[in-house]
Amino acid sequence: MKIDADAHDAIPVTLAAARAEFDAAVTYLDTATFGLPPRRSWAALQQALAQWRAGTADAVAYDLPLAAARSSYARLAGVDPSVVAVGSQVSVFAGLIAANLPGGSEVLTATGDFTSILFPFYAQSGRGIRVREVPLDRIADCVTSRTTLVAVSAVQSADGRVADLDALHAASRATGARVLLDTTQAVGWLPVDASRFAYTACGGYKWLLSPRGTAYFTINPTLIDDLTPHYAGWYAGEDRWSSIYG
Ligand SMILES: Cc1ncc(COP(=O)(O)O)c(C=O)c1O
């Protein structure tokens, strides 16, 4: 698989070039459910599948497209790639943040938000995590000094309502509450500055036009040392190909 981490910088983006990347058989208006693959992503995927099938896939070579995706996401989210984690699902990242909350924490959420950003917090009720659901349009006003975390989608999956991100950022600064922003229905079409929030999580298979099983997470660099990496695996090694064992 030959993918240059910075190759996309050289590709001129015009409407015609963008249109030529897509091959839908219908008039497609459902990117909020799943985005269609651009031609070059499709070609790269076919090449990877063919190599896998033929027994010629090179596990180390997977690092390059992964690093390229991480850098692209960092650019879209306005952060440095070093604060971007790659993963498979938003709910896993939300679960990581939920598991890191001190017992007794209050988590403020929006009524009717997507369950991947709600269930992980309800799942921690046995540790005394309390979820307080409020209407989306009042969420920033409802943040208090007793709020440990606000977990909310930038854009609602159910109906496209956009959260007031400036108000959320201001409320977080005023009270010290951290924000976990789900950017799944936003990044790709709505400019989002992830550096303004403690954590953000984004599924890749909608507006980022990727296959299922791709997700990104950003963390404010000052919070990295606070986070227990509950599901650290071999890919978390400092020099991953020499620290696989032991
Ligand atoms: C706002 C939002 N977050 C997350 C997801 C996907 O969640 P997960 O990655 O846990 O499957 C979706 C899918 O519809 C979504 O709309």
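Numbering of ligands and ligand atoms starts at 1, following listing order. Reckoned from all heavy atoms, side chains included, excluding hydrogens, waters and symmetry mates. Positions are given from 1 along the sequence.
Both the backbone and the side chain of Q89 come within contact range of ligand 1, each with a heavy atom under 4.0 Å. Of all the heavy atoms of F34, none lies under 4.0 Å from any atom of ligand 1, so neither backbone nor side chain is involved. The part of K206 lying near ligand 1 is the side chain, judged by heavy-atom distances below 4.0 Å.
Here is the list of ligand 1 atoms found below 4.0 Å of a heavy atom in Y205: 6 (C), 13 (C).
Protein heavy atom at the shortest distance from atom 12 (C) of ligand 1 is F114 CE2, 3.3 Å. Among protein heavy atoms, atom 4 (C) of ligand 1 sits closest to D182 OD2, 3.4 Å. Atom 7 (O) of ligand 1 has its closest protein heavy atom at S116 OG, 3.1 Å. Nearest protein heavy-atom contact of atom 10 (O) of ligand 1 is S91 OG, 2.6 Å.
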side-chain hydrogen bond (donor to acceptor under 3.5 Å, both in side chains) between Y216 and S72: does it pass, once the steps are laid out?
CA-CA 11 Å; Y216 301 91; S72 295; over 6 Å; no
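Residue contacts with ligand 1 include S153, since one of its heavy atoms falls under 4.0 Å from the ligand.
Relative orientation of the Y231 and F93 rings is tilted, given thresholds of 30° and 60° on the angle between their planes.
When the heavy atoms of V155, I117, V90 are ranked by distance to atom 9 (O) of ligand 1, first place goes to V90.
Side chains of W42 and L36 form no contact here, defined as non-hydrogen atoms less than 4.5 Å apart.
Environment of CZ in R146: sparse, with no more than 12 heavy atoms of neighbouring residues, nucleotides or ligands closer than 6.0 Å.
Results of the side-chain contact (heavy atoms from CB on, under 4.5 Å) test with L181 over V150, I117, L165, T218 single out L165 as the only residue that passes.
Q51 and T56 are not linked by any side-chain donor-acceptor pair at a separation below 3.5 angstrom, with hydrogens and angles left out of the test. No side-chain donor from either of T115 and Y122 sits under 3.5 Å from a side-chain acceptor of the other.
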